[in-house]
Structure formats: structure tokens, C-alpha cells
Amino acid sequence: MSGQNKHKPGGPKLPVKQLAILAVARFAEPLALTSVFPYLPEMIKSFGIEKNEVAKWAGITGAVFSISQSTTAVAWGRASDRVGRKPVILVGLFATMCCFLLWGMSTSLTMAITVRAIMGGTNGNVGIIRTMVAELVPEKELQPKAFSLMPLVWSVGSVFGPAFGGFFARPADQYPNVFGNIEYFKRFPFALPNLMACCIFFVSFTTGLLFLRETLESKRHKRDWGLILGEKLTRPFNRSRKHHHHHRHQHRRHSFVDDEASAPLLSSGKLSSTERIAVQVSPPSIKEIFTRQTVINLISYTFLALHSVTYDQVMPVFLNYPRYVRDENTQLPFKFVGGFGIGSDKIGTIYTIYGIFCGLIQFFLFPRLCARFGVLHVYRTAMCVFPLVYFLTPFTALVQDDTLRYAVFLCILIVKGFLVIVGFPCTTILLTNSASSLRILGTLNGFATTFSGLGRAAGPAMTGAVFSWGVQHGYVIAPWWFLCCIAIVGAIPSFFIVDGDGPTRSLDSESEDSDDGEDDEGTNGEGRNVIVDSALDDDDCLSLHSETTYGAISPENRSGKVSKVGSETNLLS
């Protein structure tokens with residue numbers, strides 16, 4: 001590593017600006033998705049569904065979204081490998097924005113389920129954003145911070161989302177002085193939170209269009225009209241900054257994330273046609289994608305998505321269910337029926353508190369835990385604690401004192417949030433590090449979204465049906481213990497996972513990119529670093545990492561000869 005970091009004494013840095021733009025693009029989705037949770041039971045009831053059937057249909061509604069998403073995830077992943085990450089992300093944001101507007105105006109269960117199916121099928125952003133993070137940050141020492149960013153964004157969105165859903169659902173009833181005379185909100189009582197979410201989607205879409213840079217190598221240097229427009233709009237605010245960096249940029253190329261999308265590796269006027277080398281990337285084979293470790297990681301990821309997401313979707317139904325009342329059918333400690341008997345406003349408050357704690361955990365604890373104990377050990381521990389959380393959850397309904405009941409429930413919920421915050425970024429890091437090549441990440445994450453989508457579809461559907469069966473037979477513990485069993489099975493694959501070296505090792509590269517303009521290196525389509533700073537001295541060119549090949553293009557020699565080393569193509573000085 002010493003040879004690599006010689007050009008950057010401080011070591012590799014996070015591409016903060018591009019990660020922040022990705023975070024803005026990602027923010028709208030958790031906000032909109034979690035805003036549904038507080039009012040979903042009431043929405044299902046408004047369609048004329050019986051009380052004991054609400055959990056089942058709420059589960060089916062969530063399952064339809066996940067099934068639809070899983071069936072199209074690989075297609076979206078492959079599309080991002082061909083046309084670029086950015087266009088696919090923008091399509092997903094725009095389609096989801098339109099679907100949420102229709103979702104808020106649903107007047108029947110059929111319409112609601114149809115809209116959710118379209119919403120899931122038109123958005124493959126989860127896997128693609130994960131791929132972009134992996135392409136931006138291949139350094140293993142930076143991965144815990146980088147991969148924890150999107151879960152952090154989810155946590156922040158989860159703070160505002162339930163607040164939107166809980167406080168602005170049924171506005172004509174909750175705030176009659178303000179919305180009581182508006183016929184639209186009487187006809188569509190759940191439209192307002194979705195209208196507000198659509199505004200956030202529009203901001204995310206616009207930010208991505210104007211400022212998000214492509215990370216797919218074959219499309220990275222294509223002219224991007226969105227970036228050009230964004231540059232023109234922000235030019236008055238950036239003149240002083242550009243003047244400050246003018247002389248430095250005369251002599252060397254920008255860093256990967258700050259470079260203009262249309263800029264060539266070197267000035268096109270100084271290169272001959274033989275120097276304009278286009279890297280052709282063939283589609284990855286199934287054998288490349290599904291190695292032993294990727295399969296184990298995909299199984300583990302699927303189980304995690306299944307039980308953790310199902311918990312979040314079943315919880316509002318449990319909180320909305322009438323309070324526990326002892327009768328002749330009650331046989332403690334196992335046979336009883338009851339929930340918290342609260343409405344969407346209080347459910348929204350609980351979710352908001354939950355989201356705040358998740359954000360704090362994500363920001364302060366997760367990177368430190370990974371640094372101290374390692375990603376794999378932290379992940380295994382989290383998988384082993386999940387079953388205990390699910391086992392204890394239903395018994396909170398038995399606590400008679402209101403304050404104590406909410407306190408106990410929130411404690412369990414915060415522990416669950418901690419496990420989720422640890423689990424998802426850890427499994428993302430482990431999955432990424434199991435990949436053999438950077439070029440398969442788009443497709444691999446597409447498959448990850450597909451399999452996790454199947455888990456997120458099966459979980460709510462099965463658990464919703466178990467919930468309905470349980471309350472009919474007097475066992476409200478049934479759905480929670482069902483999740484407990486799933487979590488126990490899901491913990492087993494974690495003990496067969498090996499923390500791999502990551503795709504950068506197989507590609508013989510270590511990326512040196514950051515967004516502060518300090519870099520002297522670019523990357524080719526295979527992630528191989530190519531030094532293009534003409535000011536490098538001989539020692540720089542000869543400081544080779546044991547598994548990294550560098551090529552220097554000096555002012556005296558710009559022939560750009562191509563040499564085949566194995567199956568890899570390298571630029572040689």
C-alpha cells in the first residue's frame with residue numbers, strides 16, 4: 001500500500017460530494033415507503049376489509065410490491081450495466097413519484113395493490129445505488145463508512161416518513177379547521193402525506209439529474225446534459241472556487257468524481273487515434289456471479305430482508321389492534337390476544353422515535369463497531385440477537401401501565417433498529433467483497449435485490465396470514481414466534497461466510513479516487529488504475545503494489561501502446 005499512497009500521504013478519501021448526492025437521491029424512498037406504515041391498517045379498513053383480515057391484506061399489499069421489484073431487479077441491474085447507473089436511477093425516482101401520487105388516491109384494495117405492483121416493478125434503485133457506492137469506494141478501510149451512509153439515509157427518512165404518514169393522514173378529520181372544507185381530502189383521506197412525499201421525490205430527481213455523475217466506466221465520459229445544465233445553474237456560486245483551482249487543473253486531470261463527464265482521459269487534441277482506447281466489457285457469466293461465497297451471502301441477505309422488513313410491516317397492525325382484555329380463552333403466558341389499540345398519529349410518533357435512535361446508532365456506533373470487531377463478527381452477533389427480539393415483542397401488550405408498556409416496547413424496538421442498522425450495511429459489505437470483479441457488481445446487486453425482494457414478499461404475506469390465524473385462535477404470539485424461527489434459520493448461513501478481499505483485489509487495483517481534486521489517477525473499465533499525471537517522477541512510476549500494475553504516460557512518450565497481460569489490457573509507458 002505504501003507505493004499507492006505515496007501520491008496521497010493522507011491515504012484514500014471518501015468521495016463525499018457524490019455520496020451526498022446519492023444520499024439525496026435515496027432519501028425520498030425511505031421517506032415515502034415508511035410514511036405508509038402508520039396509516040396502512042386504517043387504509044385497508046377503509047376499503048371495507050374486516051378487522052381480523054387487515055393483517056393478511058396489509059401483508060399481501062407489501063408482498064406485491066416486493067414480488068414486482070424482485071422480478072425486475074436483475075433487468076434494471078443489467079440495464080444499468082449497459083446504459084449507465086444514472087439514467088436508471090432517474091427513471092426509478094420519477095416512476096415512484098408518480099406511483100405514490102396514485103397510491104394516495106386509491107379508493108379500493110384492487111387499485112392499491114395494482115399501484116404497489118407498478119411501483120415495485122419500476123424501481124430498481126436499491127441495488128444500483130449500492131453498486132455506485134461500491135464503484136466509488138473500493139477501499140476496504142473506507143467501506144464501513146461508505147456503505148453505512150445509505151442505511152443512515154434510510155434512518156433519517158424513517159424519521160420524517162412516519163411523521164408525514166401519521167400526522168397528515170386523514171387531514172380533514174385530524175385538522176378540521178384547516179382541511180375540513182376541502183373536498184379533495186375528504187374523498188382521498190390518505191393523499192396528503194403522499195403529495196408531500198412527491199415534493200421530496202421531485203427534489204431528489206432534480207438533484208440527481210443536475211449533479212449526479214455516472215460511475216459506469218463505459219458511460220462515464222459521455223456528454224451529460226443534466227450535468228451541463230447543473231454546472232450552468234451553479235456557475236455564479238462557484239466562480240471563486242474555480243479560480244482557486246484553475247492552475248492546478250491546467251496540469252492534471254481531475255479526480256474521478258469531480259471530473260467533467262465529457263472530459264477525455266487526456267486532451268483529445270494531444271492524442272492520436274491509437275490512443276483512444278475503449279474498454280469493451282463483456283456481460284458476466286452466471287458462473288462468475290454465483291460463486292460459493294456470493295451464494296451464501298445472497299441466502300443470508302434474503303433471510304435478513306425477510307424477517308426484518310416483515311417485522312416493520314406487521315408492527316403497525318399489532319399496534320393498531322385493540323388492547324389486551326383477559327377472557328375465558330386467555331391462558332397466560334402464551335394464549336392471549338391484544339395489541340396497543342392506537343391510531344396512525346401515535347404509530348407515526350413511535351416510528352419517528354425509532355428512526356431518530358436508528359440514525360444516532362448509525363452515525364456514532366456502527367463504524368466504530370466494525371473497526372473494533374470486524375464486519376463479519378458484528379454481522380454474526382446481530383443475526384444471533386434477532387430471534388430474541390422477535391420472541392419478546394408480543395409480551396409487551398401484557399404490560400398494563402401505559403407508560404411502562406410504551407417504554408418496554410420502545411426498548412425492544414430500539415434494539416431491533418440497532419440490529420438492522422448493523423445487519424444491512426454489513427451484509428452489503430460482505431456481499432460486495434465476495435464479488436470476483438467490479439464489472440459484475442451491477443448484475444450481482446440486481447440478483448441481491450431480486451432474492452431479497454422474494455424474501456420481503458414472502459415474509460409479510462406469510463406473517464400476515466399467520467397473524468390473522470393467530471388472533472382468530474387466541475395466539476397473538478404466533479406471527480412473532482414465526483419470525484423468531486425464520487431468524488434462527490437465517491442466522492446459520494452467517495457462520496459460513498468468509499470476508500473476502502473484494503473485487504479490487506481480483507482486478508489488481510486499488511482506487512485512489514476522491515472528490516477533493518487531490519487525485520492523480522484515473523481508472524479504466526476494469527478498475528485498473530492508470531496514472532496520467534505527466535509530472536510524476538520515475539520513483540512514482542516504479543512504486544508498484546505487489547498486485548497492482550501502473551502505467552505512466554509521460555510527455556516524452558505518449559504512444560499509448562497496448563499490451564495484453566493475461567486477459568487484461570494495460571496502458572504502458
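No cation-pi contact links R323 to F340, judged by a cut-off of 6.0 Å to the six-membered ring centre and 45° from its axis.
A distance below 6.0 Å separates the ring centres of F447 and F290. Taking the six-membered ring wherever Trp is involved, the centroid distance between the rings of F205 and F201 does not fall below 6.0 Å. A distance of 6.0 Å or more separates the ring centres of F334 and Y475.
Contact between N320 and I342 at its shortest, heavy atoms only, is ND2-O, 3.1 Å. Considering all non-hydrogen atoms of both residues, G455 and L306 come closest at O-CG, 3.3 Å. Residues A435 and L444 share a closest heavy-atom pair of CB-CD2, 3.9 Å. Minimum heavy-atom separation, H307 to Y390: ND1-OH, 2.7 Å. Contact record, K86 with L209: NZ-O, 2.9 Å, taken as the closest heavy-atom pair.
Counting non-hydrogen atoms of other residues, nucleotides and ligands closer than 6.0 Å to OH of Y184 gives a total above 12. Annotation: D401, atom CG; neighbour count of heavy atoms from other residues, nucleotides and ligands within 6.0 Å is above 12.
With hydrogens and angles ignored, the 3.5 Å screen pairs a side-chain donor or acceptor of Q174 with a backbone N or O of A169.
Taking 4.5 Å as the limit, some side-chain heavy atom of L192 sits within range of a side-chain heavy atom of F179.
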- Apply the test ring pair (Phe, Tyr, Trp, His ring centres under 6.0 Å) to residues W481 and F391: give CA-CA distance (whole Å), side-chain angles for both, the deciding distance (0.1 Å), then the verdict. CA-CA 6 Å; W481 286 22; F391 181 89; 4.7 Å; yes
- Item | K56 and F467: CA distance, side-chain angles, deciding distance, side-chain contact (heavy atoms from CB on, under 4.5 Å) verdict | CA-CA 7 Å; K56 180 179 76 175; F467 191 105; over 6 Å; no
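Using a cut-off of 4.0 Å between Lys/Arg side-chain N and Asp/Glu carboxylate O, E135 and R85 are scored as salt-bridged. A salt bridge is absent between K45 and E42: the closest approach of a Lys/Arg side-chain nitrogen to an acidic carboxylate oxygen does not fall below 4.0 angstrom. A salt bridge links K416 with D312: at least one charged nitrogen is closer than 4.0 Å to a carboxylate oxygen.
In this structure, a donor-acceptor pair under 3.5 Å is absent between the side chains of Y301 and T428. In this structure, a donor-acceptor pair under 3.5 Å is present between the side chains of Y311 and T393.
If you run side chain to side chain contact (heavy atoms under 4.5 Å, CB included) between L22 and each of T207, V133, N125, only V133 comes through.
Taking the six-membered ring where tryptophan is involved, the planes of F318 and W480 are perpendicular, since the angle between them exceeds 60° and thus also 30°.
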